[in-house]
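Each chain gets a letter, A, B and so on, in the order its sequence line appears, and its residues count up from 1.
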Protein chains: 2
Amino acid sequence: MKRNKEETKDKIIDAVGRLLAEGGFRKLGVNAVAREADVDKVLIYRYFGGMPELLRAFGVSGDFWPTFEELTGGDLEGLRRKPLPQAASTVLHNFARALRSRPLTSEILAWETVERNELTEVLEKVREDSAVRLLEELSPVAEESGVDIAAITALLGAAIMYLVVRSRHVKVFNAVDIGSEDGWLRLEAAMTAICEACIGE
Amino acid sequence: MKRNKEETKDKIIDAVGRLLAEGGFRKLGVNAVAREADVDKVLIYRYFGGMPELLRAFGVSGDFWPTFEELTGGDLEGLRRKPLPQAASTVLHNFARALRSRPLTSEILAWETVERNELTEVLEKVREDSAVRLLEELSPVAEESGVDIAAITALLGAAIMYLVVRSRHVKVFNAVDIGSEDGWLRLEAAMTAICEACIGE
DNA sequence: AAGAGTAGTCACCAAAGGGTGACATGTCAA
DNA sequence: TTGACATGTCACCCTTTGGTGACTACTCTT
């Protein structure tokens, strides 16, 4: 048997990702990970300390949350020049697409509603930072326009998260086909309509 | 020991509710329920068949989903007379309040995102019926007004579910305090604004 | 009052989970 | 080449879980 600590650690972390992707958190445990990684479970304790720490290591090992660039479309200046409604709407579209392209993130998001653990904490932290930065960069404008921008974007952001999570198992929600591109186009259009009608002032 | 089958069955079902309320689904199992109900677990198999069937029995034993009356405020006619935006907004407010007053439902809703089981199926069925009926009763109007009412209400409904579920563990979302009445008033106001600005035509 | 059938008890099983101590073997420096 | 240490293996432990067979004892009918 070849021996290589770092390689083994990677094998273990990869196994976490695979298990998470295919079966969610329920099947995740020391034994299962060891089996999947084809590694003795004692190594998980030796290298990481235990399951919580392994989860944390997994959490920082991948890009589970959309980057700032991804949300802004990589063009912050261009976005700033747009009227706020369009800018907001663009960010929301990007957000939805970014989440939909990250099955592992959906899984974590789902689990987050049920139980908090080291992994969900990592994700939560990254997310908060991202949200705060976005708000700061993008809406120094319009604090006193009478519309509660935070509340509106909270609603739309929450909706996106829920629908992405839900679409993993169920394909229709309130007569909208959240399992298809078409359905999401409808949702994007609705978000745009809401932004333009409500955020403008 | 007094002997009474029906009473024992009730004790078991009550235990499910208590376990669910305090610890969610993770702690739910034959052994745990038997322990909590202070009953031998073999009775669970004898009386219900097993955990899935017990969950189903639990599911039909309580009012886990807002009734039609609760959503409409008990006054369908009055609601029908209102303009659609106001009506929609009222229903959404009622929906949010109804969910928030049902901790067990939040728990089931949360679990639903992670795994489907007999309980979530029961809830899902009731919910579908409710949603369909609402749509039929309330918006025979305005099919071709250019706005995608289904998409908009899908977004707002999804947002409510997510925020209710999330507020069990985390108290702030996107700078909105979803743990307090005030926060929810802000959200309700935002929903009203959205309905009035977007559904009107 | 007696017996039948049911409600409840007890003891057990196999499987799976988390966790650990002791051993074997590969790797690398002296 | 020889050790020393780090890497990997193996064999256990205990607890919990789902699930079942066999027994006891209550209740109700006749």
(request) Name the nucleic acid region contacted by B:Val39, choosing base, sugar-phosphate or nothing; use a 4.0 angstrom heavy-atom cut-off, strictly under. (result) nothing
(message) Side chain of A:Val30, heavy atoms from C-beta onward: which of C:dA7, C:dG18, D:dT9 has the nearest atom to it?
(response) C:dG18
(request) Among D:dC26, D:dT20, C:dT27, find the nucleotide with the atom closest to the side chain of B:Tyr45. (result) D:dT20
Whole-Å distance separating the [atom1] atom of [X] from the [atom2] atom of [N]:
X        : N      : atom1 : atom2 : answer
A:Asn4   : C:dT25 : CG    : C1'   : 16 Å
B:Asn31  : C:dA15 : CG    : P     : 17 Å
B:Asn117 : D:dG18 : CG    : P     : 14 Å
B:Glu6   : C:dG8  : CD    : P     : 10 Å
B:Leu43  : D:dG21 : CG    : P     : 16 Å
B:Lys2   : D:dT24 : NZ    : C1'   : 20 Å
B:Asp40  : D:dC23 : CG    : P     : 16 Å
B:Asp38  : C:dG8  : CG    : P     : 12 Å

(request) Between B:Met51 and B:Arg46, just flag the one whose closest nucleotide in DNA chain D comes earlier from the 5' side. (result) B:Met51
(request) For the pair B:Arg186 and B:Asp177, find out whether any cationic side-chain nitrogen is under 4.0 Å from an anionic carboxylate oxygen. (result) no
(request) Give a yes or no on whether a salt bridge exists between A:Arg127 and A:Glu112, defined as a side-chain N under 4.0 angstrom from a carboxylate O. (result) yes
(message) I want to check a possible cation-pi pair here: A:Arg166 against A:Phe173, using under 6.0 Å from ring centre and within 45° of the ring axis as the test.
(response) no
(message) Using OP1 and OP2 only, check whether a side-chain N or O of A:Arg35 sits under 4.0 Å from C:dG18.
(response) no
(request) Establish, with yes or no, whether the OP1 or OP2 oxygen of D:dG8 is under 4.0 angstrom from a side-chain nitrogen or oxygen of A:Thr8. (result) yes
(request) Using the closest heavy atom to pick a nucleotide of DNA chain C for each, name whichever of A:Lys27 or A:Val42 lands nearer the 5' end. (result) A:Lys27
(message) Any heavy-atom pair between the side chains of B:Trp111 and B:Leu119 that's under 4.5 Å?
(response) no
(request) State whether the distance check finds a donor on one side and an acceptor on the other, under 3.5 Å, for side chain A:Lys41 versus base C:dG18. (result) yes
(request) List the atom of A:Phe48, the atom of A:Glu53, and the distance in Å for their closest heavy-atom pair. (result) O-CB, 3.0 Å
